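Just follow the structure's listing: the first ligand is 1, and inside any ligand the first atom is 1. Predicted model only: the values in this text are computed from it and were never measured.
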Amino acid sequence: MTSAASPQLLIGSSVKMHLTAGEVRAWLEGCRAAFAGAAGADVFLLPPFVCLPMAAELLRDTGIAYGTQNMHWEDRGAYTGEVSPVMLVEFGATFVEIGHAERRRHFGETDATVNLKVRAALRHGLRPILCIGEGERDVAAADAVLREQLLRALDAVAEAELEGVVVAYEPVWAIGQAAAAEPAYVHDRHLAIRDELRRTYGEVGGLPRLIYGGSVSPANARQLVTHPEVQGLFVGRAALQPASFLRIVEEAVAAR
Ligand code: PGA
């Protein structure tokens, strides 16, 4: 499992629903080969639920962490179509993405359900990748939106659990675009998120890892991580080719 205290960059990818199961297998194998050497970063991969057994088979003991793109907050029960944190743990998952903008937009995810899921993940020893992001590029309003999402998502999370939390800052307007948010804008938002965490939790507010997502590519990875509070990257389309994903990691690691 990735150490929260690791000074290495944390760089991961969700394949969303971009690939078929067969293509996910090839992707996992490609990533396994690409990151076989010392990558210099902590890498995690998030396939769809049905490919979790595949990830367990292909990634166990490789040093590449894996998890899923969502989960339910209850351990078991009459929740047709849902997947519980217990199952994720059974398959060796260590990360779970929670509250991605697409889940909020298309599937009714709210700050309240995000909070239930974050707490359930931590209860099961999973590291939640809590996604927050403002809808529009609005410097004046962005930090207030982020603050609200952050504090609601972390409501009732114990200080001792903060170390396991990953906050993915993903401006909604920069997801799935031709370009990422500008590095200076990203750096300012990460600083504001960190300030908010410290204001709320004191010193332990320094523990959650902050990573950036939204149109990350080999061309912008280096610039994005030049600020110390950008502690990793969360990649979508540009990680679908393992070679491109590896370049992103190499670029980011070179910047540190
Ligand atoms: P993208 O997706 O890299 O394809 O923009 C990023 C994300 O949604 O996390």
Side-chain angles (χ1 to χ4, degrees), residues 2 9-20 23-24 27 30-31 34 41-49 51 55 64-71 93 95-109 114 117-118 121 127-137 142 145-146 149-150 153 165-183 185-186 189-190 193 208-225 230-252:
T2 314
L9 289 165
L10 177 63
I11 305 182
S13 174
S14 157
V15 286
K16 306 192 183 186
M17 203 181 72
H18 283 306
L19 305 178
T20 65
E23 289 165 347
V24 169
W27 180 71
C31 290
D42 296 322
V43 174
F44 67 85
L45 307 178
L46 308 182
F49 285 129
C51 299
I64 301 173
Y66 58 90
T68 59
Q69 304 165 19
N70 181 32
M71 66 170 204
F95 285 89
V96 58
E97 181 178 8
I98 293 173
H100 186 274
E102 288 147 19
R103 294 218 55 85
R104 294 179 192 253
R105 186 178 339 130
H106 301 302
F107 305 106
E109 196 86 81
V114 166
K117 292 178 181 188
V118 166
R127 297 191 64 186
I129 302 161
L130 161 63
C131 299
I132 60 172
E134 76 282 11
E136 284 164 32
R137 193 189 184 295
V145 173
L146 296 173
Q149 290 180 2
L150 180 72
V165 174
V166 178
V167 177
Y169 168 54
E170 301 213 318
V172 180
W173 52 271
I175 295 171
Q177 304 298 313
E182 316 88 271
Y185 182 94
V186 172
R189 302 289 80 70
H190 276 238
I193 294 166
R209 299 285 294 272
L210 306 187
I211 66 177
Y212 168 80
S215 303
V216 173
S217 73
N220 59 30
R222 193 181 280 247
Q223 287 253 299
L224 285 165
V225 299
V230 183
Q231 299 166 326
L233 297 169
F234 199 12
V235 192
R237 291 155 300 154
L240 292 174
Q241 300 296 331
S244 164
F245 190 17
L246 177 63
R247 272 191 55 217
I248 289 171
V249 172
E250 288 173 343
E251 289 288 332

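The salt bridge (Lys or Arg N to Asp or Glu O under 4.0 Å) search around Arg103 returns Glu109, not counting sequence neighbours. Among residues two or more places apart in sequence or in another chain, the ring-ring contact (aromatic ring centres under 6.0 Å, His included) test is passed with Tyr185 by Trp173. Partners of Arg137 under the salt bridge (Lys or Arg N to Asp or Glu O under 4.0 Å) rule, at least two apart in sequence or in another chain, are Glu182.
Atom CD of Gln177 sits in a crowded spot, with more than 12 heavy atoms from other residues, nucleotides or ligands closer than 6.0 Å.
Inter-residue side-chain proximity for Gln149 and Leu130 is flagged as unmet; no heavy-atom pair is nearer than 4.5 Å.
Closest heavy-atom contact between Val225 and Ala252: CG2-O, 3.6 Å.
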Pairs under 3.5 angstrom, nitrogen or oxygen on both sides, ligand 1 versus protein: list them out, please.
residue, atom, partner, partner atom, Å
ligand 1, 2 (O), Lys16, NZ, 3.3
ligand 1, 3 (O), Ser215, N, 3.4
ligand 1, 3 (O), Gly236, N, 2.9
ligand 1, 4 (O), Arg237, N, 3.0
ligand 1, 4 (O), Arg237, NE, 2.6
ligand 1, 5 (O), Gly176, N, 2.7
ligand 1, 5 (O), Ser215, N, 2.9
ligand 1, 5 (O), Arg237, NH2, 3.1
ligand 1, 8 (O), Lys16, NZ, 2.7
ligand 1, 8 (O), His100, NE2, 2.7
ligand 1, 9 (O), Glu170, OE1, 3.1
ligand 1, 9 (O), Glu170, OE2, 2.7

